[in-house]
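Below you'll find the structure, written out as structure tokens, and then a few comments.
For the single chain, residues carry numbers from 1 onward in sequence order.
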Amino acid sequence: MKTLESTPLSTLLPLLFLLPSFTLSQSLTDDSKCGCYLSKSSNDTLFFSQHRFFDFRSLSQYAGVPPAIQDSATSSSAEVTSPYFKSSPFTDFWMPGSWNNSNGVREDATITMINSPNNVYIEADSSSSSDEKNKPTFLTLRTQRMQTFQTSAEIESTSSKFQYLSMRMLARTLGSPGAITAMFTYRDSAQLSKVQESDLEIRTSDPQNVIHYTNQPSYTDEGEVLPQATKNATMPGGLKWTDWAVHRLDWTPKYTAWFVNDVPVAQTEFQVPRDVSNIILNAWSDGGKWTGNMSLLDAAYLQVQWFEIVYNSTEEIKGGKAKAKSSTDGQGGCQSVCSVDGTSQVGKPVMLWDNGVGRTNGGLDNRLNDRERNQ
Ligand SMILES: *[C@@H]1O[C@H](CO)[C@@H](O)[C@H](O)[C@H]1NC(C)=O
Ligand SMILES: *[C@@H]1O[C@H](CO)[C@@H](O)[C@H](O)[C@H]1NC(C)=O
Ligand SMILES: *[C@@H]1O[C@H](CO)[C@@H](O)[C@H](O)[C@H]1NC(C)=O
Ligand SMILES: *[C@@H]1O[C@H](CO)[C@@H](O)[C@H](O)[C@H]1NC(C)=O
Ligand SMILES: *[C@@H]1O[C@H](CO)[C@@H](O)[C@H](O)[C@H]1NC(C)=O
């Protein structure tokens, strides 16, 4: 078999993705050795400069389900539910939401919704037969209908400057009808038409194989629905959203694409977010048309075993087209190209190729050309 070193990469690159995994170059590495991350989206190959992985699977020392807070007045100021949420790595990236909908964020809301850090917790998998200390764990975001309000959960990125990404979570949604669970990008604006947002949403009142993908806004100020904004998809392979599955959202300069367990499920070029944005996971309801109402004391949960993201393009984006940065700009290029796909250990990147020390710090195209010239 030819090695990476002796084969022009431009011919090898498409081949890499025909293989079930990167069998040609599979060595596990760590982020400190990665200059950038290559990821194959539905239509093209993307390069990202950053990678983060949050593993909630072995945190039994933090596990515990806190009772929901009954009092609306103290709900949003509640303490975080364990030291995990007060320390790095969590706080480097995430913060629990504590806002409420009294500002009339959604006009058709029929109940006060309050986000509480108390609804964000690490939970032990009670179905596991292991003893308490060894039970697998996951992150839970809870929303529950209380007497006078809907208590809800959200974690939001501390940075609002993500631009292009591929984010994935091994997650499931459980619970009663009347709630939404979601993973999305968000850029706020006082003007509805200027909101930029790419959503993956599960409505717990839907059939358990239906999932909604939307580039907001999905309606106008006049209340007119924009049907092109939403793709109502079916979970592939007979899966339900109550099953554990890897939900993935790719935000690229040209399109957004969604996958379940690596199967492409939807893609759209309509209203693709353009500017730097936040990322958010949540579980909520406001008794409006989209969420529906939850019955008193009913609850729903977004549960997440891990969350992974590669983000920020290493490429220059001009007129919506990605273009490798030139070799003369002295930055942005990447010597060592890693991937978080096709790894044998989720969360840990594999090294695809490393141009070694002393190379021009060029963009991918330049490097490929260099390689070809050197054959
Ligand atoms: C993605 O690929 C499909 C199938 O080849 C094509 O129809 C679609 O136009 C492409 N979309 C983009 C944004 O390139
Ligand atoms: C809702 O948010 C507003 C504005 O931040 C705040 O003044 C109010 O106290 C909050 N209400 C509750 C019940 O938390
Ligand atoms: C992404 O890149 C932009 C532009 O270089 C930068 O301002 C921003 O801080 C980066 N975002 C994150 C989350 O690091
Ligand atoms: C998607 O599903 C929602 C909720 O069931 C429905 O209101 C909407 O009309 C559907 N949109 C499209 C484009 O099919
Ligand atoms: C939710 O319940 C309220 C009454 O509490 C009602 O006004 C509203 O129409 C209900 N919403 C839905 C979507 O059924």
Side-chain angles (χ1 to χ4, degrees), residues 68-78 95-120 140-156 160 173-207 210-227 229-230 232 241 271 273 277-302:
I69 295 173
Q70 309 282 327
D71 174 21
S72 65
T74 55
S75 195
S76 71
S77 56
M95 55 187 182
S98 58
W99 59 274
N100 65 66
N101 67 350
S102 65
N103 57 359
V105 59
R106 292 174 73 91
E107 271 180 8
D108 69 342
T110 61
I111 188 157
T112 302
M113 179 190 86
I114 302 173
N115 283 300
S116 173
N118 184 61
N119 294 324
V120 177
T140 297
L141 302 191
R142 169 179 63 195
T143 182
Q144 186 168 16
R145 176 64 192 252
M146 312 309 281
Q147 197 61 247
T148 59
F149 68 110
Q150 179 85 26
T151 192
S152 294
E154 177 163 287
I155 57 172
E156 181 180 333
S160 53
T173 292
L174 299 179
S176 306
I180 304 283
T181 63
M183 172 174 85
F184 58 109
T185 73
Y186 186 65
R187 183 181 173 87
D188 197 12
S189 171
Q191 225 178 313
L192 174 65
S193 62
K194 293 204 168 138
V195 166
Q196 297 178 38
E197 173 177 346
S198 187
D199 290 343
L200 175 167
E201 287 177 294
I202 286 152
R203 296 169 81 216
T204 56
S205 53
D206 276 338
V210 173
I211 182 160
H212 303 269
Y213 301 124
T214 305
N215 285 348
Q216 300 283 357
S218 57
Y219 51 93
T220 65
D221 281 322
E222 291 72 43
E224 188 198 334
V225 173
L226 300 170
T230 298
N232 290 336
W241 37 253
Q271 288 182 166
S277 301
N278 273 105
I279 56 183
I280 299 175
L281 307 185
N282 65 13
W284 62 283
S285 172
D286 64 5
K289 283 201 216 64
W290 178 237
T291 66
N293 280 311
M294 264 201 152
S295 302
L296 186 62
L297 298 183
D298 271 4
Y301 312 90
L302 173 64

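Contact annotation: the side chain of Q147 never approaches that of Q70 to less than 4.5 Å [non-hydrogen atoms, C-beta and beyond]. Counting heavy atoms from C-beta outward, M113 and V105 have side chains that stay 4.5 Å or more apart. With a 4.5 Å cut-off on side-chain heavy atoms, Q144 and Y301 do not count as touching. Between L200 and I211 there is a side-chain heavy-atom pair separated by less than 4.5 Å. Two residues are said to be in side-chain contact when any heavy atoms from C-beta on lie closer than 4.5 Å; H212 and V210 meet this criterion. At a threshold of 4.5 Å between non-hydrogen side-chain atoms, the residues N278 and T185 do not count as touching. Side-chain contact check for W290 versus D108: every heavy-atom pair is 4.5 Å or farther apart. Looking at heavy atoms from C-beta onward, Y186 lies out of side-chain contact with Q216 at the 4.5 angstrom threshold.
One N or O on the side chain of T220 and one on the backbone of E222 form a donor-acceptor pair closer than 3.5 Å. S116 contributes a side-chain N or O that, together with a main-chain N or O of S75, makes up a donor-acceptor pair within less than 3.5 Å. For the pair T140 (side chain) and R142 (backbone), a donor-acceptor distance under 3.5 Å is absent. Looking only at distances, a side-chain donor or acceptor of N119 sits under 3.5 Å from a matching main-chain atom of S152. Formation of a donor-acceptor pair under 3.5 Å by the E156 side chain with backbone atoms of G97 is not found in this model. Of the possible donor and acceptor atoms, one in the side chain of N101 sits under 3.5 Å from a partner among the backbone N and O of I111.
Rounding to the nearest 0.5 angstrom, the gap separating the CG atom in N115 from the CD1 atom in I155 is 11.5 Å. Summarising the geometry, atom OG1 belonging to T110 is positioned 9.5 Å from atom CD belonging to Q150; distances are rounded to the nearest 0.5 Å. The OH atom of Y219 sits 11.0 Å away from atom OG1 of T230, with the distance rounded to the nearest 0.5 Å. Taking CH2 of W284 as the reference point, atom CD of E201 lies at 6.5 Å (rounded to 0.5 Å). Atom-to-atom distance recorded for I280:CD1 and L141:CG is 11.5 Å, nearest 0.5 angstrom. Note that OG1 of T112 is 10.0 Å distant from CG of D286, once rounded to the nearest 0.5 Å.
Nearest heavy atoms, T204 versus A300: CG2-CB, 4.1 Å. P217 approaches L226 most closely through the heavy-atom pair O-CD1, 3.4 Å. Contact between V120 and A153 at its shortest, heavy atoms only, is CG2-CB, 4.1 Å. Of all the heavy atoms in S285 and G292, the pair that sits closest is OG-O, 3.3 Å. Smallest separation of non-hydrogen atoms from A229 and Q271: CB-NE2, 4.1 Å. For the pair A179 and T143, the tightest heavy-atom approach, listed with the atom from each and the gap, is CB-CG2, 3.7 Å.
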Walk me through it: do S176 and M294 pass the test side chain to side chain contact (heavy atoms under 4.5 Å, CB included)? CA-CA 7 Å; S176 306; M294 264 201 152; 4.1 Å; yes
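By the side chain to side chain contact (heavy atoms under 4.5 Å, CB included) test, S76 is found to be paired with S98, I114, residues two or more places apart in sequence or in another chain being considered. Residues satisfying the side chain to side chain contact (heavy atoms under 4.5 Å, CB included) criterion with P227, sequence neighbours excluded, are V225. Applying the ring pair (Phe, Tyr, Trp, His ring centres under 6.0 Å) rule to Y213 yields the partners W258; only residues at least two apart in sequence or on another chain are considered.
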